Amino acid sequence: MEEVKIYTTSTCLYCRQAKEYMQKKGIKYTEYDVTKNQDALKEMVKISGARSVPVITACEEVMIGFDPARLEQMISCIQHRTAL
């Protein structure tokens with residue numbers, strides 16, 4: 001299965017909401033705390049052009065912030081690719 005990545009900080013409310021949402025939906029993801037991992041911070045800025053969190057990547061898409069409907073679209077792309 002394709003990887004879902006989420007770039008976060010420990011104090012970000014939307015980061016917590018996004019992680020809780022993915023956990024409830026059974027979506028596996030890898031979390032990168034950009035306050036503790038400078039390489040992850042550089043990667044996040046490179047792919048998003050921003051220093052805002054959360055940044056979620058899946059299916060070659062990048063989402064800044066947390067939008068459940070958009071996340072569902074991103075995840076459906078992964079599920080579609082896995083089914084092929």
Side-chain angles (χ1 to χ4, degrees):
M1 181 172 229
E2 205 165 313
E3 186 176 23
V4 176
K5 294 181 182 179
I6 181 169
Y7 299 85
T8 67
T9 65
S10 61
T11 58
C12 169
L13 173 65
Y14 295 111
C15 298
R16 281 193 295 263
Q17 289 176 349
K19 293 185 294 183
E20 288 172 5
Y21 182 85
M22 289 190 283
Q23 288 168 354
K24 286 180 186 174
K25 293 284 192 167
I27 300 165
K28 292 182 177 31
Y29 62 89
T30 303
E31 178 181 6
Y32 299 93
D33 184 332
V34 297
T35 62
K36 297 176 182 175
N37 183 332
Q38 289 299 304
D39 290 335
L41 174 62
K42 289 175 188 174
E43 182 178 302
M44 180 190 80
V45 171
K46 181 179 177 183
I47 62 174
S48 70
R51 294 180 68 94
S52 301
V53 290
V55 171
I56 302 171
T57 64
C59 235
E60 301 176 17
E61 290 190 49
V62 177
M63 175 173 44
I64 301 170
F66 174 53
D67 176 348
R70 176 135 184 256
L71 183 57
E72 283 294 327
Q73 290 175 334
M74 292 167 71
I75 299 310
S76 69
C77 173
I78 291 173
Q79 291 167 341
H80 176 73
R81 285 185 181 180
T82 302
L84 295 178

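Residues take their numbers from the sequence shown, with the count starting at 1. These numbers come from a predicted model, not from an experiment.
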Could you pull out all residues at least two apart from Tyr32 that satisfy side chain to side chain donor-acceptor pair (under 3.5 Å)?
none
Please round to the nearest 0.5 Å and tell me the distance separating atom CD1 of Ile75 and atom CD of Glu61.
10.0 Å
Single-linkage hydrophobic cluster, 4.5 Å side-chain cutoff, Ile27 and Phe66 together
yes
With hydrophobic residues grouped by side-chain heavy-atom distances under 4.5 Å, do Tyr7 and Val62 end up in a single group?
yes
Once ring-ring contact (aromatic ring centres under 6.0 Å, His included) is applied, do any residues pair with Tyr29, and if so which ones, sequence neighbours excluded?
none
Listed by chain and number, what are the salt bridge (Lys or Arg N to Asp or Glu O under 4.0 Å) partners of Lys42, not counting sequence neighbours?
none
Got a second to check how far Tyr21's OH is from Asp67's CG, nearest 0.5 Å?
9.0 Å
Looking at side-chain heavy atoms only, is the closest gap between Met22 and Ile6 below 4.5 Å?
yes
Would you say that more than 12 heavy atoms from the other residues, nucleotides or ligands in this model lie under 6.0 Å from the CZ of Arg70, or not?
yes
Cluster question for you: counting only ILVMFWY and a side-chain heavy-atom cut-off of under 4.5 Å, with indirect links fine, are Ile64 and Val4 together?
no
Throw together a table of side-chain donor-acceptor distances under 3.5 angstrom for residues 11-18, partners on residues two or more places apart or in other chains.
| residue | atom | partner | partner atom | Å |
| --- | --- | --- | --- | --- |
| Arg16 | NH1 | Ser10 | O | 3.3 |

Quick check: closest heavy atoms across Met74 and Ala58, and the distance to 0.1 Å?
CE-N, 3.6 Å
My understanding is that only residues two or more places apart in sequence, or in another chain, count here; which of them pass side chain to side chain donor-acceptor pair (under 3.5 Å) with Thr9?
none
All heavy atoms of Val34 vs all of Met44, minimum pair found to be CG1-SD, 3.9 Å
Would Val45 and Arg51 count as a side-chain contact (heavy atoms from CB on, under 4.5 Å) here? Give the steps.
CA-CA 6 Å; Val45 171; Arg51 294 180 68 94; 3.8 Å; yes
Let me check something: do Leu41 and Ile47 share a hydrophobic cluster, defined by ILVMFWY side-chain heavy atoms less than 4.5 Å apart, either directly or through other members?
yes
My understanding is that only residues two or more places apart in sequence, or in another chain, count here; which of them pass side chain to side chain donor-acceptor pair (under 3.5 Å) with Thr30?
Glu3
